[in-house]
Amino acid sequence: MDALSYMPVPPGIGMEENFFSLDDILLSHERLPCRTESAFPRLGFLEKSSESRDIPEGTKMEMPLWLAKGLYERKRRVLSMELPKVYREGWRTVFGADPAVVDLQKMGPYYYGLGSQMLHFDSPENPEIANTILQTFIGRFRRTMDSSQNAYNEDTSALVERLDCLERSLFKSGQSGLNSFQLWEKGRSSHLTASSLVLNYRKRKITDLQA
């Protein structure tokens, strides 16, 4: 397959996924702990630990994010969600103390994306979850970008092994910018081209003049 036939699409940030992104497709399969608030007739085969034909009310089980979001309704209580442990109060305290020490790849690896998706479900802890995610990102961002800028032509596997999916994407962008700058300094960069924003603006101006 031509290397240019697929252009990577960054993951969505917020409560809605970007299904042109492979990362978001993988994120949608993350499993969430939940409890059934009504019986699910003839769906017992979904619960491997049960031999029942149905899934009875009150069953604790795990569902992929995409299915949990599809079944969850605020008015008609079909499911109630439980927080994954990394978003619970104990771990929020750890992140508040020093977010840089946490191995997000081991805990996630979609800490920011899944945390944003958890806000889709009603929970009194949503404001604390949102604030912890934001502060964790802020607390780790500078270190992530500093590492990407100080690892020119080096093995970066040790630097990214503790980063989550979003942070790895930022690290890669930082490395790409550093490599481009180094090539420019050595006179080996390609010719500068106009930004797509500038080109699109020019096209709109020409269209306005022709109208």
Side-chain angles (χ1 to χ4, degrees), residues 3 6-34 48 60-72 79 81-121 123 125-151 154-179:
Y6 170 71
M7 296 296 291
V9 178
I13 301 297
M15 294 173 63
E16 297 302 327
E17 307 96 328
N18 180 350
F19 283 110
F20 289 105
S21 166
L22 293 179
D23 285 322
D24 274 0
I25 293 173
L26 294 174
L27 165 62
S28 71
H29 286 78
E30 287 287 296
R31 303 183 71 83
L32 299 178
C34 59
K48 296 180 180 179
K60 290 188 176 182
M61 58 190 303
E62 290 188 340
M63 287 188 180
L65 172 64
W66 64 267
L67 181 57
K69 285 182 68 176
L71 293 175
Y72 183 80
L79 289 176
M81 306 304 301
E82 297 182 11
L83 289 176
K85 65 178 183 179
V86 72
Y87 304 108
R88 295 175 189 169
E89 184 178 0
W91 274 102
R92 294 202 303 267
T93 302
V94 173
F95 282 112
D98 187 359
V101 304
V102 181
D103 187 341
L104 287 188
Q105 183 64 209
K106 184 177 180 180
M107 299 299 296
Y110 299 100
Y111 172 74
Y112 300 108
L114 185 59
S116 298
Q117 292 292 313
M118 292 305 300
L119 303 180
H120 175 85
F121 308 103
S123 170
E125 296 183 70
N126 278 355
E128 289 79 9
I129 294 172
N131 184 63
T132 299
I133 292 172
L134 175 61
Q135 295 305 319
T136 298
F137 180 80
I138 293 173
R140 292 167 62 96
F141 176 78
R142 180 170 182 175
R143 182 175 180 178
T144 299
M145 298 311 294
D146 283 349
S147 297
S148 73
Q149 296 296 296
N150 293 305
E154 296 179 16
D155 181 9
T156 60
S157 57
L159 296 175
V160 301
E161 65 180 0
R162 297 167 62 86
L163 306 182
D164 107 311
C165 161
L166 176 61
E167 291 175 335
R168 289 188 175 197
S169 178
L170 291 171
F171 185 94
K172 185 177 180 180
S173 297
Q175 281 251 290
S176 177
L178 175 63
N179 291 337

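If you're wondering where the values come from, they're calculated on a predicted model, not measured in any experiment.
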message: Restricting to non-hydrogen atoms, name the atom on L119 and the atom on A130 that form the minimum distance, rounded to 0.1 Å.
response: CD1-CB, 4.1 Å
message: As a quick check of understanding, evaluate side chain to side chain contact (heavy atoms under 4.5 Å, CB included) for L104 and R162, giving each step before the final call.
response: CA-CA 6 Å; L104 287 188; R162 297 167 62 86; over 6 Å; no
message: Quick one, T144 and L159 - any side-chain contact, counting heavy atoms below 4.5 Å?
response: no
query: For L166 and F137, what are the C-alpha separation, side-chain angles and deciding distance, and is it a side chain to side chain contact (heavy atoms under 4.5 Å, CB included)?
result: CA-CA 10 Å; L166 176 61; F137 180 80; 4.0 Å; yes
field: Point-to-point distance, once rounded to the nearest 0.5 Å, from OG of S148 to CG of L178
entry: 7.5 Å
- prompt: Hey, are the side chains of M81 and Y72 touching, using non-hydrogen atoms and a 4.5 Å cut-off?
  reply: yes
message: Measuring from atom CG of L27 to atom OG of S116, what distance do you get when rounded to the nearest 0.5 angstrom?
response: 9.0 Å
task: Report yes if the side chains of L79 and M63 come closer than 4.5 Å at any heavy-atom pair, otherwise no.
output: yes
task: Look at atom CZ of R143 and say whether more than 12 heavy atoms of other residues, nucleotides or ligands are closer to it than 6.0 Å.
output: no
message: Looking only at the side chains, is there a donor atom on one of Y111 and E167 sitting less than 3.5 Å from an acceptor on the other?
response: no
- request: Over all heavy atoms of both residues, which pair between M118 and P84 is shortest? Give the atoms and the distance, please.
  value: CE-CD, 3.8 Å
- prompt: Distance from E82 atom CD to Y87 atom OH, nearest 0.5 Å?
  reply: 15.5 Å
query: Is there a side chain to side chain contact (heavy atoms under 4.5 Å, CB included) between I133 and F95 once you walk through the steps?
result: CA-CA 9 Å; I133 292 172; F95 282 112; over 6 Å; no
field: pair H120-K69: side-chain heavy atoms closer than 4.5 Å
entry: yes
query: Are side-chain heavy atoms of L163 and R140 found at a separation under 4.5 Å?
result: yes
query: Between T136 and Y112, is any pair of side-chain heavy atoms under 4.5 Å apart?
result: yes
query: With distance as the sole test, does T93 use its side chain to make a donor-acceptor pair with the main-chain N or O of E89 at under 3.5 Å?
result: yes
query: Who are the side-chain hydrogen bond (donor to acceptor under 3.5 Å, both in side chains) partners of R92, not counting sequence neighbours?
result: E125
field: CD (Q135) with more than 12 external heavy atoms under 6.0 Å
entry: yes
- request: Answer whether the closest heavy-atom distance between the side chains of I129 and N126 falls below 4.5 Å.
  value: yes
query: Okay, side chain of N150, backbone of D146: is any donor-acceptor separation there less than 3.5 Å?
result: yes
message: Holding to side-chain hydrogen bond (donor to acceptor under 3.5 Å, both in side chains), I want the full list of residues that pass it with E128, two or more places apart in sequence or in another chain.
response: none
statement: Here the gap from L32 atom CG to F121 atom CZ, rounded to the nearest 0.5 Å, amounts to 5.5 Å
V102 and M107, any side-chain heavy atoms less than 4.5 Å apart: yes
query: With distance as the sole test, does Q149 use its side chain to make a donor-acceptor pair with the main-chain N or O of G174 at under 3.5 Å?
result: yes
- prompt: Hey, is the main chain of E62 close enough, under 3.5 Å, to the side chain of R31 for a donor-acceptor pair?
  reply: yes
field: Separation between CG of L170 and SG of C165, rounded to the nearest 0.5 Å
entry: 9.5 Å
- line: Here the salt bridge (charged side-chain N to carboxylate O under 4.0 Å, His left out) pairs for residues 96-113, sequence neighbours left out, are none
message: Please determine whether side chain to side chain contact (heavy atoms under 4.5 Å, CB included) holds for the pair L114 and V86, giving the CA-CA distance in whole Å, both sets of side-chain angles, and the decisive distance to 0.1 Å.
response: CA-CA 10 Å; L114 185 59; V86 72; over 6 Å; no
